[in-house]
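Written below as structure tokens is the structure these notes are about.
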Amino acid sequence: NMKKETRNDAGELIKKNFEIVFVSDPGKEKLVAEISFDGKFGVMVTHEESGVFELELPGINLDENQVIRKIPLDDFLEAVDIAKDELENG
């Protein structure tokens, strides 16, 4: 497995079959990480001022063609770990 991390021209972190995009969310205190798998939204990682990290899963009201409901566990854990590290350490 390739372990090298790369960023695209927009500064978005790309690795394996997932993509991590760091964005500002009006309802959040800090940047959030949106993680997509195979081009479909999978989970959002947040890190608020309290220091707590949280995962937000796609709601049931989203178009099923735009979300992924089944993710390989190793890829999921790796993506969340990278997102957490970037949110924590910038």
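What you are looking at is a predicted structure, and each value in this text was computed from that prediction instead of being measured.
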Can you name the salt bridge (Lys or Arg N to Asp or Glu O under 4.0 Å) partners of E88, sequence neighbours left out?
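Testing E88 for salt bridge (Lys or Arg N to Asp or Glu O under 4.0 Å), a comparison that skips the adjacent residues, returns none.
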
Can you tell me how far apart CD1 (I68) and CG (N17) are? Round to the nearest 0.5 Å.
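Reported to 0.5 Å precision, the distance equals 7.5 Å.
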
Spacing of K40 atom NZ and D63 atom CG [to the nearest 0.5 Å]
9.0 Å

Greater than 12 external heavy atoms within 6.0 Å of D74's CG:
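Not more than 12 within 6.0 Å, no.
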
Side chain to side chain contact (heavy atoms under 4.5 Å, CB included) between K30 and L87: does it pass, once the steps are laid out?
CA-CA 9 Å; K30 296 183 173 183; L87 289 172; over 6 Å; no

Specify the closest pair of heavy atoms between [X] and [Y], including all atoms of both residues, with the distance to one decimal.
X   : Y   : result
I20 : A79 : CD1-O, 3.6 Å
S36 : G39 : CB-C, 4.4 Å
S24 : L31 : N-CD2, 3.6 Å

Only distances under 3.5 Å count here; give the side-chain donor-acceptor pairs of residues 42-62 to other protein atoms, sequence neighbours excluded, each with its distance to 0.1 Å.
residue, atom, partner, partner atom, Å
E48, OE1, E29, N, 2.9
S50, OG, V52, N, 3.4
E56, OE2, K28, NZ, 2.6

Do the non-hydrogen side-chain atoms of F18 and I82 ever get within less than 4.5 Å of each other?
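Of all side-chain heavy-atom pairs linking I82 with F18, at least one is under 4.5 Å.
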
